[in-house]
Participant: 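Take this structure first; my questions come after.
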Amino acid sequence: MTVIVTGCGFDPWQEIQNYQQTTGILDGQVGATNVFIGTLRDFNDGTAVKGMTLEHYPGMTERQLEIIISEAARQWPVIDALVIHRVGDILPNEPIVLVAVWTSHRGDAFDASRHIMEALKSKAPFWKKERLVSADSRWVKENTNGYKPAQ
Amino acid sequence: MTVIVTGCGFDPWQEIQNYQQTTGILDGQVGATNVFIGTLRDFNDGTAVKGMTLEHYPGMTERQLEIIISEAARQWPVIDALVIHRVGDILPNEPIVLVAVWTSHRGDAFDASRHIMEALKSKAPFWKKERLVSADSRWVKENTNGYKPAQ
Amino acid sequence: MSIKVRYFASLKEDLGRSEDILETASLLTVRQIWQCANPQQTLPNPILVAVNKDYADLESLVNDGDEVAFFPPVTGG
Amino acid sequence: MSIKVRYFASLKEDLGRSEDILETASLLTVRQIWQCANPQQTLPNPILVAVNKDYADLESLVNDGDEVAFFPPVTGG
């Protein structure tokens, strides 16, 4: 289980490839891998976005991410998990967050990955400030739960 | 939206990287990517598995996969989707299936990806025959729904 | 009418062949196609059927030149 | 007792500073720490608080050497 908070850009697919190779996770037990990548869009709430600055609380952020992964690993049989989160200045199309979960069965991979993402959004101390094309900037007010209301 | 049924081994992360580059999907609209990879385990139902042979129905398989993706794209705002499925002889740790979905919002990426995987498991004409360490082989009887029963 | 009948996976192994070409005089359902091609064999259960590579049911009518397929529940992914 | 108080994101900008070092005579709650550090400012709502990098509530007691943090709802991911 690994948590990385980084000020540098990263290629999510390369990171996963490297992680699988260095950890040797694929040893016959893994039947399912679920990966979520969040990337910066160039539009939010009807406004063109030029970039974003991500602030965090060094030390607390890593600690909370580790707690979130441990909670997921208690709830589902997780073989391994990797979370990478970007901080600092970010441009559209750059990855903000990567969550990867390795399990034996597919339901667990989907469930644990989604749980980690939702918990990260509500608990990990990161704050987004959007730099707008209009040259203004604004703090993102609140994370949505990401899902449509039941119909 | 792309469907590939292949008799050759593939590196899922490399495939996604290439797909993103050649399609140019990342154009500021994508905020979320969900990827599911199914790999062959070396154990199933308590029996050691040496490998697997995947049979399919050429033509119908591709057609059904395309229908499944179209259905998902009608239900959720999917920007793009990629499904790769292996056929022929497979060894433990090799990827069997890749589902990747690109959307603007994370809930849609998780929902559409999971839906495609479940539909693929119940509708795409593939059949697994396990080669056991005991030198026997057996057809896999039925796909489970992959989830724990509600508690 | 000429109908191509295909079998897959364990069903193909059980029957010992992967396809039949049927010449039929009248319009038949998928179920009748099975009976015609396999008079000694009751239709397996569960079974999935396709006509021209789309899922169909046992009462679907089969036309000249159609390809009918019988196969066990799928286990991909 | 010496308490380090930290502020993040929009709250840091609003207050115009990122931290305070408080010297207090008695055991205070997180809420009292805010009042002591920001006598002119009512506590924002919503607000999240942490003591020593774990989430805490406003009535948690703060000990000598603790680090208390105040910040707006998080927006990562």
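Quick caveat: nothing in here was measured; it's all calculated off a predicted structure. In what follows, chains carry the letters A, B, and so on, assigned in the order in which the sequence lines appear, proteins first and then strands, with residues in each chain numbered from 1. Side chains are part of it too, since the values below use all heavy atoms of this structure and drop only hydrogens, waters and symmetry mates.
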Participant: Fit a plane to each ring of Tyr57(B) and Phe71(C), take the angle between them on a 0 to 90° scale, and name the class: parallel (under 30°), tilted (30 to 60°) or perpendicular (over 60°).
Facilitator: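 Plane angle over 60°, so perpendicular.
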Participant: Testing the basics here: between Ala50(C) and Met60(B), what is the closest heavy-atom pair and its distance to 0.1 Å?
Facilitator: CB-SD, 3.5 Å
Participant: Taking all non-hydrogen atoms of both residues, which atom of Phe8(C) and which atom of His56(B) are closest, and how far apart?
Facilitator: CE2-O, 3.7 Å
Participant: Is any side-chain heavy atom of Trp127(B) closer than 4.5 Å to a side-chain heavy atom of Pro72(C)?
Facilitator: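 Yes, their side chains come closer than 4.5 Å.
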Participant: Any side-chain to backbone donor/acceptor pair from Gln64(B) onto Lys53(C)? Under 3.5 Å, distance only.
Facilitator: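 Yes: the side chain of Gln64(B) pairs with the backbone of Lys53(C).
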Participant: Any side-chain heavy atom of Phe126(B) within less than 4.5 Å of one from Thr75(C)?
Facilitator: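 Answer no - side chains too far apart.
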Participant: In terms of side-chain geometry, is the basic nitrogen of Glu13(C) or Lys129(B) positioned less than 4.0 Å from the acidic oxygen of its partner?
Facilitator: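 Here Glu13(C) pairs with Lys129(B) in a salt bridge, since their nearest N and O are under 4.0 Å apart.
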Participant: Tell me, side chain or backbone of Thr61(B) under 4.5 Å from chain C's heavy atoms, or both, or neither?
Facilitator: neither
Participant: Side chain, backbone, both or neither: which part of Leu98(B) has an atom under 4.5 Å from a heavy atom of chain C?
Facilitator: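 Neither part.
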Participant: Rounded to the nearest 0.5 Å, how far apart are NZ of Lys141(B) and OG of Ser10(C)?
Facilitator: 6.5 Å
Participant: Closest heavy-atom contact between Lys128(B) and Gly77(C)?
Facilitator: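 That closest heavy-atom pairing would be NZ-O, 2.6 Å.
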Participant: Against chain B, label Asp54(C) side chain, backbone, both or neither, depending on which of its atoms sit under 4.5 Å from a heavy atom there.
Facilitator: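 Its backbone and side chain both get close to chain B.
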